[in-house]
Colleague: 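Take this structure first; my questions come after.
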6 protein chains.
Amino acid sequence: MYELGVVYRNIQRADRAAADQLAQYGSATVHEAMGRVGLLKPYMRPIYAGAQVSGTAVTVLLQPGDNWMMHVAAEQIQAGDIVVAAVTADCTDGYFGDLLATSFQARGARALVIDAGVRDVKTLQQMQFPVWSKAVSAKGTIKATLGSVNIPVVCAGMWVTPGDVIVADDDGVVCVPSARAAEVAAAAAARESFEGEKRAKLASGVLGLDMYKMREPLAKAGLRYID
Amino acid sequence: MYELGVVYRNIQRADRAAADQLAQYGSATVHEAMGRVGLLKPYMRPIYAGAQVSGTAVTVLLQPGDNWMMHVAAEQIQAGDIVVAAVTADCTDGYFGDLLATSFQARGARALVIDAGVRDVKTLQQMQFPVWSKAVSAKGTIKATLGSVNIPVVCAGMWVTPGDVIVADDDGVVCVPSARAAEVAAAAAARESFEGEKRAKLASGVLGLDMYKMREPLAKAGLRYID
Amino acid sequence: MYELGVVYRNIQRADRAAADQLAQYGSATVHEAMGRVGLLKPYMRPIYAGAQVSGTAVTVLLQPGDNWMMHVAAEQIQAGDIVVAAVTADCTDGYFGDLLATSFQARGARALVIDAGVRDVKTLQQMQFPVWSKAVSAKGTIKATLGSVNIPVVCAGMWVTPGDVIVADDDGVVCVPSARAAEVAAAAAARESFEGEKRAKLASGVLGLDMYKMREPLAKAGLRYID
Amino acid sequence: MYELGVVYRNIQRADRAAADQLAQYGSATVHEAMGRVGLLKPYMRPIYAGAQVSGTAVTVLLQPGDNWMMHVAAEQIQAGDIVVAAVTADCTDGYFGDLLATSFQARGARALVIDAGVRDVKTLQQMQFPVWSKAVSAKGTIKATLGSVNIPVVCAGMWVTPGDVIVADDDGVVCVPSARAAEVAAAAAARESFEGEKRAKLASGVLGLDMYKMREPLAKAGLRYID
Amino acid sequence: MYELGVVYRNIQRADRAAADQLAQYGSATVHEAMGRVGLLKPYMRPIYAGAQVSGTAVTVLLQPGDNWMMHVAAEQIQAGDIVVAAVTADCTDGYFGDLLATSFQARGARALVIDAGVRDVKTLQQMQFPVWSKAVSAKGTIKATLGSVNIPVVCAGMWVTPGDVIVADDDGVVCVPSARAAEVAAAAAARESFEGEKRAKLASGVLGLDMYKMREPLAKAGLRYID
Amino acid sequence: MYELGVVYRNIQRADRAAADQLAQYGSATVHEAMGRVGLLKPYMRPIYAGAQVSGTAVTVLLQPGDNWMMHVAAEQIQAGDIVVAAVTADCTDGYFGDLLATSFQARGARALVIDAGVRDVKTLQQMQFPVWSKAVSAKGTIKATLGSVNIPVVCAGMWVTPGDVIVADDDGVVCVPSARAAEVAAAAAARESFEGEKRAKLASGVLGLDMYKMREPLAKAGLRYID
């Protein structure tokens, strides 16, 4: 249940180093490192392929068909932030285009994650301002009703608290609670350190069945081979 | 309610200059310039990114799983047209492929907008013949049942009259009634003329809050800042 | 109705030459050549554009949120195979990423077709290991419950028997029964041999109405032209 | 493309006798009698089972999340009308509840057909005021933006002109152009007159294969029986 | 991959006693008794609440928008059968209404399970002829293209072989392979024999935690209680 | 981001009198009384029509395909509670049937709200144990993985804190924060006190246009009447 018409100016951003470090691992590894929680629903897709970012969440709650609060949110952005936008009802309108992106980028935002639509996607790609959204739509919005900025929001099924770390790439979007950022970064780094060796083994033809010692548990579970 | 089995040969196409001019503004600006109407549903997506076109509508009403009328429509195409195809029931079949595209292109068509599926999309991209559709499907169609050509149709939720101007790009597809084409082109041009200045200001760090003078109306609406 | 917990080691793969030959025709032509059957539902989309493959099916039945059997399937892969994965319930989790792709590629697999989600899609594109899936998701899976390998499965609405030929490209995925592979390859080749001539005619402005002699049947069906 | 902010007071309603007569045949028979056109998309469902109505369309175009024009439409209702409501964008909000239903019923409306949501459905059933909608939602709407009344609208994919006849029952909603009402009523009556006899034959065990003389065309089409 | 244009007259129906016995357990218990397989996708819903049936499958493969084969299937029905209908492409048309239901009922059919739409649903309920479908639609179909009768089909994601037992109720539709019918009936009966005692215990306030001895495994899995 | 494997035993339930009082107003009135927030997504539907309840939330976080925590939740139920169940990923499985309902009812629960599937719906209706869910499915679940009980959860897009008041009826499900329960009950009562008079006026033929004094603002907004 949302508090409407408020802007929280002072939010506790996650540790900057940890927030920055998480981008390199990508959403899949971070999701694993957290114990398989924190993922936004997979309908959230990047507007262009290849971007991979992390940053601290500035949240904004929007009303259907109304992007007034996006301008309010812009003022709260600091360098290294990612704006996370939720709407009080399902809506695919294009809340965000090249002008807002110019403003967000000027303030230091790294990306937008929005549970609604965006437009001017060709220009956004040229500007290299990545967006993860549930729709692309040329339909613009009005500026008439208050929402809020920097309150906790539900975005694409996930609870996001201002200051949390957002990690996004072609695989999706993950939210890491600010208190866990350093721990998750360490766990993700540890996971990655084993990957190179595993990849080399698998590339040489070693089977996961052997590398992960799965044959015995599979047999125990009752797997039968039939010739 | 559709009239079946008819082909209207003489349609009133929108003013050519206006129809051609609209492409440069893109669907989002045109949609705004019209007063936020005319947009096809956002499930209509381009089969490849980057195309941006406008043209006059030749319409075709198809039967489910049957593309016979596409061939009838081809003959009605003039240079500068965009074919707009509706189906009498929901269908994702691939009504259109590289052969029809070759024919359409030879007749001077600039694009296809179809509330159904298309195929041969790799070849269509190589040919640079853009299509906006709701699906891609290898499933072909038969040629057995009559529809109509150049009757008004509902395509992706929007009423399109033959001769209307269609504007399509990565953000979606907009229909401009032929009688409004010149007026909308002027309004779109006016909108664009302000954009460069706005963009420069926002890029320099000026906030939309100040540029659009939103602080007072936001306060009046009750927005509270909490430190 | 599926048999659980079994792996069939010896499957009858389709004729290798026919299986290899089918890739060049693409899914749309092969679908036509088969008499318009065999297509998986069009929600199956490639994770990147441009790949076009054919190969013999190794099938795997997975449990929701569990990719244990993917490792079992890896061992059954031979050079020229395409893995076809079904799940016992609707699921969008990311069952497959770069490590499994490394293993599959090392075994000689050409692609994966999965009625669920995949992840590490950027890396998969760099590796040029194509996947057709219904979702992309960073959400990983566990390894706890048995499914089966090389039993007949329903994948995206289509019945696939181990050893069938899979043809996949940007237009979708088609399954050719192994017994029909040679016949379908011949029919597809025949279709293609006519395409060049047709394309040239259409490009020169000849209408399909004339080339396919449709004017008479259209008139017979009652088509009326109105000036 | 819609004209906004207008109310047409004088619409040409279909012939009253034909409009009233169509209810008894139901949507399926009327749809057949029209030549299989005119059906709204099947996502339009009754809020309770068993109602079967026909009437003349008063149309209303609504804005997303805004039911202001419903009150404007109420004044245009005459006895025997059915209100047909479209929205300028996808929306599931509850635009209509028991108070508006009381007003509509007092004005003589027989039903509402709305391409959006409704609420108070238990009370609407108690009042026996049937509604066909795409959603049920407790979410209310505001009254801030103009739409129009009695302009042609696209409702659930179908073009509805004010004064057309609407026929709705548990099978769906059909729109009959006012000019065709009498002809369609006659055709529907003719269809029904044959149904009793057919039903009796089929109930006695006669097969449709024989009653409709399908065996020969099936054989001609190549149907093979295998023992 | 389907064989088109054939009717298999002699199918091996499951043991009649087992087929009849399964109805009483309902789809949920039968699904459990089979080891949690065999369920059609949950979008298959009854057209009216309360029916609970079982019977042997007569299958029919239909073409989109074409119900010709339904009449061919009628002749193959024997008392105690349930017709299972699949379509070669996604379609929501109303393939089946009161006349066909009269014929099916006269032949001894107990129900229809169809991965498409039906109509005349009010009359079907009055006739007490239950249908499980994915849609209700007034849209009729033509009779022009061959499908097949009594070939194995994929219906709502499940493979159904002619003669299999179908169990359907308000919870959904399950397919039991004919060879397993007796075994599954026995397993379902065993499950049910324990349910009365369990229900009485739970009704008296005993917790499942204690009745199923879950406290220890939950603690072992790490569950923590916090006061 | 969810805490897994914990059960909070002591939750602060909303004021009992307010919690009980809210049922009578229904979800639409309560939603309005709260300022149009708090509604779960409209895909949440009752398994049978007519139930109207309110109660205090006991929350449970489930894993996909696993209902183990439902049994843990049962122990935390007190008389007057409504169980609110979320899942860590999209799932339509039948997590809840007549045995669990018997247990919940014995503990004093009034209803279940679950963002997944349920089964045994006929028996649940006979027991008069209402459920609001996104699906009905005969597919059962396992008991293998920990979730949590009485942590805040996101259910159908809405944030629900243990102890909040849930109001549910045929129009949907609303969540009232426990701290606002008394205030919202008072506001809902006030709304209802005006409804009788309004309904009488509208029933007598007075228009909302006049009763709500809309004619002037409509004219000001530019509404034009055309004869």
Side-chain angles (χ1 to χ4, degrees), chain D residues 3-11 47-49 65 67-77 91-94 97-108 116-127 134-151, chain F residues 25-46 49-52 132 167-175 191 194-215 217-227:
Chain D
E3 189 186 7
L4 293 178
V6 296
V7 181
Y8 286 88
R9 275 202 189 102
N10 298 310
I11 61 173
I47 58 167
Y48 57 88
N67 78 343
W68 212 11
M69 299 310 287
M70 288 297 240
H71 292 278
V72 177
E75 193 175 25
Q76 306 307 317
I77 294 170
C91 186
T92 60
D93 289 356
D98 64 340
L99 288 180
L100 265 169
T102 301
S103 181
F104 277 30
Q105 216 171 33
R107 306 290 299 180
V118 292
R119 55 184 191 171
D120 300 333
V121 295
K122 186 154 63 170
T123 309
L124 294 178
Q125 180 167 13
Q126 287 159 355
M127 295 170 62
K134 80 165 176 188
V136 171
S137 171
K139 184 163 200 290
T141 47
I142 58 171
K143 295 169 208 324
T145 312
L146 293 187
S148 290
V149 171
N150 279 333
I151 62 167
Chain F
Y25 307 119
S27 64
T29 296
V30 169
H31 181 247
E32 293 291 338
M34 291 180 74
R36 238 170 245 143
V37 289
L39 191 68
L40 279 69
K41 288 192 191 264
Y43 63 69
M44 296 295 284
R45 301 300 304 143
Q52 184 163 334
W132 284 258
V167 183
D169 60 12
D170 289 353
D171 290 342
V173 184
V174 176
C175 174
R191 285 187 74 87
F194 297 119
E195 297 247 315
E197 195 187 342
K198 283 189 202 165
R199 191 174 292 109
K201 274 195 187 168
L202 294 167
S204 76
V206 175
L207 287 165
L209 287 177
D210 297 310
M211 193 171 80
Y212 299 116
K213 301 190 193 313
M214 290 172 171
R215 292 194 191 271
L218 283 164
K220 220 177 233 167
L223 189 68
R224 291 172 300 126
Y225 284 85
I226 298 171
D227 288 320

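All chains are named by letter (A, B, ...) in the order of the sequence lines, taking the proteins before the strands, and each is independently numbered beginning at 1. Note that this is a predicted model, so its numbers are computed, not measured.
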Colleague: How far apart are the C-alpha atoms of F:E32 and D:K139, what are their side-chain angles, what is the distance that settles it, and do they pass the salt bridge (Lys or Arg N to Asp or Glu O under 4.0 Å) test?
Modeller: CA-CA 8 Å; F:E32 293 291 338; D:K139 184 163 200 290; over 6 Å; no
Colleague: I'd like to verify something: which residue of F:R45, F:K201, F:M44 has the highest number of heavy-atom pairs under 4.5 Å with chain D?
Modeller: F:R45
Colleague: Less than 4.5 Å to any heavy atom of chain D: does that hold for the side chain of F:R36, its backbone, both, or neither?
Modeller: side chain
Colleague: Hey, does D:K122 have a side-chain heavy atom less than 4.5 Å from the side chain of F:Q52?
Modeller: yes
Colleague: Under 4.5 Å heavy-atom distance to chain F, tell me which part of D:R107 shows up: side chain, backbone, both or neither.
Modeller: side chain
Colleague: Is the closest side-chain heavy-atom distance between F:P217 and D:W68 below 4.5 Å?
Modeller: yes
Colleague: Select one option (side chain, backbone, both, neither) describing which atoms of D:L99 are under 4.5 Å from chain F's heavy atoms.
Modeller: both
Colleague: Apply ring-ring contact (aromatic ring centres under 6.0 Å, His included) to F:Y25 and list each qualifying residue two or more places apart in sequence or on a separate chain.
Modeller: none
Colleague: Under 4.5 Å from any heavy atom of chain F, what part of D:I142 do you find: side chain, backbone, both or neither?
Modeller: both
Colleague: I'd like to verify something: which residue of F:D210, F:L202, F:V174 has the highest number of heavy-atom pairs under 4.5 Å with chain D?
Modeller: F:L202
Colleague: Contact between F:Y225 and D:Q76 at the side-chain level, heavy atoms closer than 4.5 Å - yes or no?
Modeller: yes
Colleague: If you look at every heavy atom in D:A138 and F:S27, which pair is closest and at what distance?
Modeller: CB-OG, 3.3 Å
Colleague: Would the distance check show the side chain of F:D171 and the main-chain N or O of D:D120 forming a donor-acceptor pair, the cut-off being under 3.5 Å?
Modeller: yes
Colleague: Of the backbone (N, CA, C, O) and the side chain (C-beta and beyond), which part of F:L39 lies under 4.5 Å from a heavy atom of chain D, both, or neither?
Modeller: side chain
Colleague: Is there side-chain contact between D:H71 and F:R215, with heavy atoms separated by less than 4.5 Å?
Modeller: no
Colleague: With respect to chain F, which residue among D:L100, D:V121, D:V136 yields the maximal number of heavy-atom pairs within a distance under 4.5 Å?
Modeller: D:V136
Colleague: Using non-hydrogen atoms and a 4.5 Å limit, figure out which bit of D:A135 sits close to chain F: side chain, backbone, both or neither.
Modeller: neither
Colleague: Is any side-chain heavy atom of F:I226 closer than 4.5 Å to a side-chain heavy atom of D:R9?
Modeller: no
Colleague: Heavy-atom cut-off 4.5 Å, strictly under: side chain, backbone, both or neither for D:M70 against chain F?
Modeller: neither
Colleague: Checking F:A221 against chain D: side chain, backbone, both or neither under 4.5 Å from a heavy atom?
Modeller: both
Colleague: Within the 3.5 Å criterion, strictly below it, is a donor on D:Y48 or D:Q126 matched to an acceptor on the partner's side chain?
Modeller: no
Colleague: Measure F:Y212 against the heavy atoms of chain D and call it side chain, backbone, both or neither at under 4.5 Å.
Modeller: side chain
Colleague: Give, as side chain, backbone, both or neither, the part of D:Q105 having an atom under 4.5 angstrom from any heavy atom of chain F.
Modeller: neither
Colleague: Is D:V72 in contact with chain F via its backbone, its side chain, both, or neither, using a 4.5 Å heavy-atom distance?
Modeller: both
Colleague: By a 4.5 Å heavy-atom criterion (distance strictly below it), what part of D:T141 contacts chain F: side chain, backbone, both, or neither?
Modeller: backbone
